[in-house]
Amino acid sequence: MTKVISILNQKGGVGKTTLAVHMATALARSGSNVLLLDADPQGSALDWSAARSGKPLFPVVGLPKPSIHKELPSLAQNHEVILIDGPPRVYDVARSAIMASDLVMIPVQPSPYDVWAAKEIVDLLDEASVYKPDLKSAFVVNRKIVNTAIGRDVSDALAEYPIPVMQSAICQRVAFAESAAQGLTVFELDADMPASKEISALANELCDLLSATRAKVPA
Ligand SMILES: Nc1ncnc2c1ncn2[C@@H]1O[C@H](COP(=O)(O)OP(=O)(O)O)[C@@H](O)[C@H]1O
Ligand SMILES: [Mg+2]
């Protein structure tokens, strides 16, 4: 059965595309047959893929439409995991992505503004729970500043929402933007650097949440 993971937040710039391409890469590196669906009309994941000169690890397909949940079954053939990189603001597309998903991952930056803005996606998930009682969801703190308490503070603040916060956080690291410029990921810059290890840990936690039976991503 194909597993579908959406990376959603109605707020822009929180790291949806960054985490979508990195989760897709981590899962592809562990042997899963992955498809990345770009549901943002801005097409950032498609741009990332077009900037790449080397062999793609997985296909990236653009579908910034509210018909994702209807079209997904035909796209799902031949793929074990589909990651959906969500759009900011567009409600009907986000709703459609939620309807298509087994799990929704919500990146939030360690700032009170992000905690407040997360209410929009929490409300959308709440609305969808009637139709999708088994849908899983989790926050992930992105751009945590190393050696500050703000990451923990934001996790505490997010506890007011009925959605768990993933244990693995991703720190603010320049390697994310540097690698993106060439359609690469942090793994291809250096698979042993902290950014790569954080991404592997997050991907493993994601697999655990999905209770996937596949082999784990190497740390
Ligand atoms: N952990 C991180 N460390 C450093 N820069 C990051 C990190 N996550 C995202 N960015 C940068 O922040 C910007 C917005 O990220 P992006 O993934 O495009 O967000 P979204 O898709 O939610 O709009 C990009 O320039 C990206 O390179
Ligand atoms: Mg994006």
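Side chains are part of it too, since the values below use all heavy atoms of this structure and drop only hydrogens, waters and symmetry mates. Counting starts at 1 for both ligands and their atoms, following the listed order. The chain is numbered in sequence order, starting from 1.
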Around [atom], find the nearest protein heavy atom and jot down its residue, atom name and distance.
atom: atom 19 (O) of ligand 1; answer: Gly15 N, 3.0 Å
atom: atom 15 (O) of ligand 1; answer: Thr18 OG1, 3.7 Å
atom: atom 18 (O) of ligand 1; answer: Thr17 CB, 4.1 Å
atom: atom 11 (C) of ligand 1; answer: Arg143 NH1, 3.7 Å
atom: atom 3 (N) of ligand 1; answer: Arg173 N, 2.9 Å
atom: atom 8 (N) of ligand 1; answer: Asn142 ND2, 3.0 Å

Within-4.5 Å side-chain heavy-atom neighbours: [X] and [Y]:
X: Trp48; Y: Thr18; answer: no
X: Leu8; Y: Leu125; answer: no
X: Asp102; Y: Met1; answer: no
X: Asp114; Y: Val154; answer: no

Ionic contact status for Glu198 with Lys144, cut-off 4.0 Å: no

Note: Lys11-Glu120 ion pair, threshold 4.0 Å (strictly below): no

For the 3.5 Å polar cut-off, considering only N or O atoms, please tell me whether [X] and ligand 1 meet it.
X: Gly13; value: yes
X: Gly12; value: no
X: Phe176; value: no
X: Lys16; value: yes
X: Val14; value: yes

Side chain, backbone, both or neither: the part of Cys171 lying under 4.0 Å from ligand 1 by heavy atom: backbone

Contact partition for Asp40 relative to ligand 1, non-hydrogen atoms under 4.0 Å: neither

Ring center gap for Phe58 and His79 short of 6.0 angstrom: no

[X] and [Y]: which non-hydrogen atoms are nearest, and at how many Å?
X: Asp40; Y: Pro64; result: C-CB, 3.8 Å
X: Leu202; Y: Met166; result: CD1-CE, 3.7 Å
X: Met105; Y: Val140; result: CG-CG1, 3.7 Å

Ala177 neighbourhood, listing ligand 1 atoms whose heavy-atom distance to it stays under 4.0 Å: 27 (O)

Subset of ligand 1 atoms that lie under 4.0 Å from at least one heavy atom of Ile170: 1 (N)

The Mg ion (ligand 2) reached by Ser44 (N, O or S, under 2.8 Å): no

Atom 24 (C) of ligand 1 touched by protein heavy atom at under 4.0 Å: no

Over 12 non-hydrogen atoms of neighbours within 6.0 angstrom of CD in Glu127: yes

